[in-house]
K.L.:
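Structure provided below as structure tokens; questions to follow.
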Amino acid sequence: FSILQGPSLLCYNNAKFAENDFDAIISLHSGTKANKRKIGKFGIGFTSVYNLTNTPTFISGDYVYAFDPLNEIESITQGGARWLTNNNNLHKFTDFWSLFQHRGYENGHFDGTLFRLPLRKETNK
């Protein structure tokens, strides 16, 4: 998880992801938006974060999400992963986890959504 350390851009929203929001964000290439009133309806949406980072992560409700389309993180396969916030294995990564703990995470739950976009250290090849 060392690639997730260092300077990052943080984006917070007080709404939590619903299951269909998660399905939509992992289907980046489908180009469909069932709910045209949601954010991202006019442009490239979440895909635009890859201009800043290779490994966006976020916490919302009871889940932590990590995207790794370049397979740079050893413990993440198939481009991304989702874990329950009460997963004890996550808490081993104290540098990564402490960010979320100090911004609203309580009793195994995060009230809202916090994106963490670790800035790239070098240009993609």
K.L.:
When rounded to the nearest 0.5 angstrom, what is the spacing between OG1 in T55 and CZ in F67?
P.N.:
11.5 Å
K.L.:
For the residue pair F17 and F58, categorise the inter-ring angle as parallel (less than 30°), tilted (30 to 60°) or perpendicular (more than 60°).
P.N.:
tilted
K.L.:
Could you measure the distance from the CZ atom of F115 to the CG atom of L10? Nearest 0.5 Å is fine.
P.N.:
12.0 Å
K.L.:
To the nearest 0.5 Å, tell me how far L52 CG sits from L119 CG.
P.N.:
6.5 Å
K.L.:
Between R120 and E72, is there a side-chain N and carboxylate O pair less than 4.0 Å apart?
P.N.:
no
K.L.:
Distance check, rounded to the nearest 0.5 Å: T53 atom OG1 versus D68 atom CG?
P.N.:
9.5 Å
K.L.:
Of all residues at least two apart in sequence or in a different chain, which pass the side-chain contact (heavy atoms from CB on, under 4.5 Å) check with S8?
P.N.:
R116, P118
K.L.:
Nearest 0.5 Å please: distance from the CD1 atom of I25 over to the CG atom of N20.
P.N.:
12.0 Å
K.L.:
Give the minimum heavy-atom separation between K16 and F110, together with the two atoms involved.
P.N.:
CD-O, 3.9 Å
K.L.:
Report the relative orientation of the aromatic rings in Y63 and Y65; use parallel for angles under 30°, tilted for 30 to 60°, perpendicular for over 60°.
P.N.:
tilted
K.L.:
Just by modelled atom types, is the A15 backbone N or O under 3.5 Å from a matching donor or acceptor in the T113 side chain?
P.N.:
yes
